[in-house]
Amino acid sequence: MEKRMSLAKYSLCAGATTGLALALISLLDYVPPVSSVVWAVRLIALVSLTMFFTRRFRDRYNDGTLTSGEGFKFTFLMFMYIGIIAAIYSIVSIAAIPSGDMDVVVEAVSEGYADAGIDISADYIEKMMSFVPYFAAFFTFLGHLILGAIFGAIYSSSFRRDAAVGNEC
């Protein structure tokens with residue numbers, strides 16, 4: 001039995017480790033033969049690592065006990081940190097799009113507005129497109145918070161183990 005580690009500190013370590021692992025897995029999106037299954041690998045890794053770290057916290061750092069509240073809080077905090085790393089990854093990956101590809105997007109959007117009879121300048125569209133990484137990051141973070149609440153509710157009951165109660169006979 002190792003010494004107790006605070007729930008907040010361990011959730012930070014577990015969330016950062018899982019977030020970085022998922023970011024590395026997401027880099028496989030740029031490899032054509034495997035890009036179609038990266039989402040499944042990422043999901044399996046997310047579930048597996050979350051289960052691993054929750055059990056490890058319960059058994060190694062929390063005296064073998066885990067209340068429902070602790071399980072929910074741990075999982076939610078872990079997903080919050082994963083969401084922060086995923087949001088940063090989304091900003092970096094969108095910002096890394098070559099400018100030639102962005103010009104194609106601006107032209108396509110301009111043509112779409114022109115076909116609809118709306119006159120919008122390319123400069124205005126480029127300004128709107130500059131907000132895309134931040135919106136993507138926000139919604140990525142929000143999605144991870146929602147997943148954290150769902151997984152937290154599931155894991156809080158699945159991995160719950162109360163302290164041993166003495167014999168009452």
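Since the model is a prediction, treat every value here as computed from it, not as a measurement.
Ring planes of Phe57 and Tyr10: parallel class, angle under 30° (limits at 30 and 60°). Ring geometry for Tyr155 against Phe151 counts as perpendicular: the plane angle is over 60°, on a 0 to 90° scale with 30° as the lower cut.
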Step-by-step side-chain contact (heavy atoms from CB on, under 4.5 Å) determination, Phe79 to Leu46: CA-CA 10 Å; Phe79 270 79; Leu46 178 66; 3.8 Å; yes
Audit row: Val41, Leu28, side-chain contact (heavy atoms from CB on, under 4.5 Å) steps and yes/no: CA-CA 10 Å; Val41 173; Leu28 293 174; 5.6 Å; no
Thr17 vs Phe53, side-chain contact (heavy atoms from CB on, under 4.5 Å): CA-CA, chis, key distance, verdict: CA-CA 10 Å; Thr17 302; Phe53 284 120; 4.0 Å; yes
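One N or O on the side chain of Ser93 and one on the backbone of Ser90 form a donor-acceptor pair closer than 3.5 Å. Between the side chain of Ser48 and the main chain of Ala45, no donor-acceptor pair closer than 3.5 Å is present. Of the possible polar contacts, none joining the Glu111 side chain to the Ala108 backbone as a donor-acceptor pair under 3.5 Å is found. A donor-acceptor pair under 3.5 Å links the side-chain atoms of Ser11 to the main chain of Ala8, judged by distance alone.
In this structure the side chain of Phe141 reaches within 4.5 angstrom of the side chain of Met80, judged on heavy atoms. Within the 4.5 Å cutoff, the side chain of Tyr89 has no heavy atoms near those of the Val92 side chain. Taking 4.5 Å as the limit, every side-chain heavy atom of Val38 sits out of range of all side-chain heavy atoms of Leu27. Side-chain contact between Tyr61 and Leu7 is absent, with no heavy atoms from C-beta onward closer than 4.5 Å. A heavy-atom distance below 4.5 Å is not found between the side chains of Phe74 and Asn62. Counting only heavy atoms from C-beta outward, the side chains of Leu22 and Ile82 approach each other to under 4.5 Å.
No chain of hydrophobic side-chain contacts below 4.5 Å, direct or via other Ile, Leu, Val, Met, Phe, Trp or Tyr residues, connects Ile44 to Trp39. Linking Ile, Leu, Val, Met, Phe, Trp and Tyr residues whenever their side-chain heavy atoms come within less than 4.5 Å places Leu147 and Leu142 in a single cluster. Placement of Tyr124 and Met129 within a single hydrophobic cluster is found when ILVMFWY residues are connected by side-chain heavy-atom separations under 4.5 Å, directly or transitively. Residues Leu12 and Ile85 do not share a hydrophobic cluster, clusters being chains of Ile/Leu/Val/Met/Phe/Trp/Tyr side chains in contact below 4.5 Å. Hydrophobic clustering (side-chain heavy atoms under 4.5 Å, transitive across Ile, Leu, Val, Met, Phe, Trp, Tyr) keeps Val37 apart from Tyr30.
When every heavy atom of Ser68 is checked against every heavy atom of Ser156, the shortest pair comes out as O-CB, 3.1 Å. Counting all heavy atoms, side chain and backbone alike, His144 lies closest to Ala86 at CE1-CB, 3.6 Å. Contact detail for Pro32 and Ser35: the closest heavy-atom pair is O-OG, 3.2 Å. Looking at every heavy atom in both residues, Leu49 comes nearest to Ala21 through CD1-CB, 4.1 Å.
The closest side-chain donor-acceptor pair between Arg42 and Ser26 falls under 3.5 angstrom.
Between atom CE of residue Met78 and atom OG1 of residue Thr54 there is a gap of 6.0 Å, rounded to the nearest 0.5 Å. Note: Leu145 CG to Leu77 CG = 10.0 Å, rounded to the nearest 0.5 Å. Here Tyr134 contributes atom OH and Ile94 contributes atom CD1; the two are 10.5 Å apart, rounded to the nearest 0.5 Å. Note that CZ of Phe135 is 13.0 Å distant from OG1 of Thr140, once rounded to the nearest 0.5 Å.
The number of heavy atoms from other shown groups lying within 6.0 Å of CG (Asp115) is above 12.
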